[in-house]
Amino acid sequence: MPSPIQNPRLLLSHRCLPLHFPPNPFPFPPNPCRLVHRSAAALSPQPAPTPASQNLAIAAPPSSEILSIRESLLSRRRTAAEIAAEYLDRLRRTEPQLRSFLHVSQTAMREAGEVDRLVESGAELGPLTGVLVAVKDNICTADMPSTGGSRILGSYRPAFDATAVRRLREAGAIIVGKTNLDEFGMGSTTEGSGFQVTTNPWDVSRVPGGSSGGSAAAVSARQCVVSLGSDTGGSVRQPASFCGVVGMKPTYGRVSRFGLMAYASSLDVIGCFGSSVVDTAILLSAISGHDRLDATSSKHEVSDYAPQLVSLDHLESKPLKGLRVGVIRETTGEGVDVGVMSSVQAAASHLEQLGSIVTEVSLPSFSLGLPAYYILASSEASSNLSRYDGVRYGYQAAADELSSLYGDSRANGFGPEVKMRILMGTYALSAGYYDAYYKRAQQVRTLVRKSFKDALDKNDILISPAAPSAAYKIGEKTNDPLAMYAGDIMTVNVNLAGLPALVVPCGFVEGGPAGLPVGLQMIGAAFHEEKLLRVGHIFEQTLQNYRFNPPLLAES
């Protein structure tokens, strides 16, 4: 395994079609070349390297599984049924250890057969045709249960698809199943699910992160190609870091929230997981855009992100020349594991060698974001979760009086974490405490937004660890909720500001059978997802000596 303080070496060559990034402003010129990858990865996983081989072998840059599937279908080398069967077989073999899924589709093979008939007919294929996508179980699907990870919705089957799911189907995707989560997204480990505990493919004795741990673990173990999660305070980015995959939290409003079970409505977004930046970009393009069913969805134009990404064959020696990168000072001090900090410092050096101008920036209100987030999120949750009363849908307790029906249904249906957050939020909104807690938290939110704006006026992107540690043991923080909440300190401020953020794997720390992955968080200005994806794509292609294939793939 590479030393945590070892800087990743570069694999760069002078090529045609140079790509320069002007220092100020930072517009991305149209990419004159097509998106071409050096090779399309086989769908069957390669064995994970041993720690020693990770330090010696030259690892190929990540390739796009989505583009590989598309190429296979168009060239008739493989059928959609063969591809789906391979993923489903891997899912069945690894699921007893991982427990990523709460529900697995019974129609995936039939849908794959329909894709093959489309291919045979010569019909135009959508960008996700034949791609198996997993969906977090707080995102509604008409053909499968949607529980939100809560027993209060254990029997709930929506009559509709969430807008993001509908757009996936329109793009040709096959929804393979619904993934596990902390109940209603309230947690950082996926231990808070009402049904089961998901494990980490890198070490099944550890958590995958949360609340979208099931979606992250499923992509990491190649149980699906890509997946959807939701991010209220880091629930896409932290599990992406723990599981060694790419995670994208878009700008608030970029993706419709219609059909996403509300936790904190002013913070919730639907995000994307992939094994490469290209796959994440393709998935984000498919689900983004204005939706008349969601008044908070933005009318900003949505780019087709993937064609704007530049392949390794077309990079020059300093492909990020002029890119201004700010390292957030408040994320590099006390409370961050030494190995994590070393990996992030190595990543910053890597960006500098690629031509970036790396400086340290300070966000004075950063430390205030965590308590403000938990007040605001709990307050909104106490309001949003009032709809689960045992009358309209979900679990209903037997009772003779209406008040007992409400109380017993909620007492038996909700888990302890959800009850605690409802109580916290109700207290913060109560008469006599509203100004002291909720109003003050909103004022802090304004300060957080301003500090990010000031920093991003002087820098093109900001970087930080995605989490203060790598994945920890299952049960390690169950009895210490404050320590668990503190694990969100790197991510919650981004949600308060409504900004986009991308997490890419950047290194390893010691632990588990083959090391534990560490993620680098890149933060951009609102609706600048394209910039983050471009930088992330160049970063992952030029990062050497690291292969982010978990040991579970070699064992399965």
Side-chain angles (χ1 to χ4, degrees), residues 138 147-154 156 181-189 191-194 210-211 230-235 252 257 260-269 296 368-397 399 401-446 448 477-489 491-493 495-496:
N138 63 345
T147 69
S150 176
R151 293 193 176 276
I152 205 166
L153 287 179
Y156 178 58
L181 69 153
D182 287 300
E183 187 175 4
F184 289 112
M186 299 182 188
S188 303
T189 64
E191 294 173 284
S193 168
S211 62
S230 66
D231 192 311
T232 304
S235 292
Y252 183 82
R257 291 187 299 111
L260 171 65
M261 296 175 188
Y263 164 18
S265 302
S266 72
L267 302 168
D268 297 339
V269 296
T296 64
L368 303 176
L370 189 66
Y373 164 81
Y374 274 101
I375 290 171
L376 294 175
S378 298
S379 297
E380 293 185 31
S382 74
S383 175
N384 279 325
L385 271 62
S386 65
R387 70 193 65 181
Y388 303 110
D389 54 15
V391 176
R392 286 166 284 191
Y393 39 70
Y395 172 78
Q396 183 179 83
E401 296 180 357
L402 188 60
S403 59
S404 298
L405 172 65
Y406 290 160
D408 292 348
S409 296
R410 292 168 66 81
N412 297 330
F414 287 142
E417 181 68 25
V418 173
K419 292 175 186 175
M420 182 171 67
R421 297 198 190 194
I422 290 173
L423 290 172
M424 288 168 56
T426 303
Y427 180 83
L429 293 174
S430 62
Y433 297 98
Y434 179 92
D435 288 349
Y437 293 103
Y438 184 79
K439 183 179 178 180
R440 186 168 296 183
Q442 290 287 25
Q443 292 169 336
V444 168
R445 185 177 194 167
T446 301
V448 169
K477 297 187 178 181
T478 303
N479 297 320
D480 190 356
L482 292 180
M484 191 180 298
Y485 295 167
D488 297 333
I489 193 168
T491 53
V492 295
N493 286 276
N495 294 79
L496 291 173

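Worth saying up front: this structure is predicted, and the values here are computed from it rather than measured. What you see below is based on every heavy atom in this structure, not just the backbone, and it leaves out hydrogens, waters and symmetry mates.
- Scanning all heavy atoms of the two residues, the minimum distance from L405 to A397 falls at CD1-O, 3.1 Å.
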Task: Trace of the side-chain hydrogen bond (donor to acceptor under 3.5 Å, both in side chains) decision for S265 with N384 - done: CA-CA 8 Å; S265 302; N384 279 325; 3.1 Å; yes

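- Around the OH atom of Y374, the shell of radius 6.0 Å holds more than 12 heavy atoms that belong to other residues, nucleotides or ligands.
- Aromatic ring centroids of Y156 and Y388 lie 6.0 Å or more apart.
- A donor-acceptor pair under 3.5 Å is absent between the side-chain atoms of D268 and the main chain of S230, judged by distance alone.
- Counting only residues at least two apart or in different chains, side-chain hydrogen bond (donor to acceptor under 3.5 Å, both in side chains) contacts with residues 414-430 comprise Y263-R421, E417-R421, E417-Y485.
- Among all heavy-atom pairs drawn from V391 and D389, the shortest one is N-OD1, 2.9 Å.
- The ring-ring contact (aromatic ring centres under 6.0 Å, His included) check on Y406 picks up nothing, with sequence neighbours excluded.
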Open item on the list: Between Y393 and L153, is the side chain to side chain contact (heavy atoms under 4.5 Å, CB included) condition met? List the steps.
Closed with: CA-CA 7 Å; Y393 39 70; L153 287 179; 4.0 Å; yes

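- A donor-acceptor pair under 3.5 Å is formed between the side chain of N495 and the backbone N or O of T232.
- E183 CD to T147 OG1: the interatomic distance, rounded to the nearest 0.5 Å, is 9.0 Å.
- For Y395, the ring-ring contact (aromatic ring centres under 6.0 Å, His included) test picks out no residue, with sequence neighbours left out.
- S266 meets the side-chain hydrogen bond (donor to acceptor under 3.5 Å, both in side chains) test with E380, R445; sequence neighbours excluded.
- Taking CD1 from I375 and OH from Y433, the interatomic distance works out to 13.5 Å, rounded to the nearest 0.5 Å.
- Of all non-hydrogen atoms in G369 and V448, the two that sit nearest each other are CA-CG2, 4.4 Å.
- Interatomic distance, OG of S403 versus CG of D408, reported as 9.0 Å (0.5 Å rounding).
- In plain terms, the two heavy atoms of G425 and S382 that are nearest each other are C-OG, 3.7 Å.
- Of all the heavy atoms in Y252 and L267, the pair that sits closest is CE1-N, 4.1 Å.
- Distance alone, capped at 3.5 Å, places no donor-acceptor pair between the R257 side chain and the A262 backbone.
- Contact record, A377 with A264: CA-CB, 3.8 Å, taken as the closest heavy-atom pair.
- Atom CE in M186 sits 13.5 Å away from atom OG in S193 (nearest 0.5 Å).
- Remark: the backbone N or O of F414 is not paired with any side-chain donor or acceptor of S150 at under 3.5 angstrom.
- Taking CG of L376 as the reference point, atom CD of Q442 lies at 4.5 Å (rounded to 0.5 Å).
- For the atom pair CD1 of I152 and CZ of R387, the computed distance is 12.0 Å after rounding to the nearest 0.5 Å.
- Applying the side-chain hydrogen bond (donor to acceptor under 3.5 Å, both in side chains) test to Q396 and every residue at least two apart in sequence or in another chain returns nothing.
- Evaluation of the side chain to side chain contact (heavy atoms under 4.5 Å, CB included) rule for D182 yields T189, T190, S211 as partners, not counting sequence neighbours.
- Side chain to side chain, D488 and S188 meet the donor-acceptor criterion of an N or O pair below 3.5 Å.
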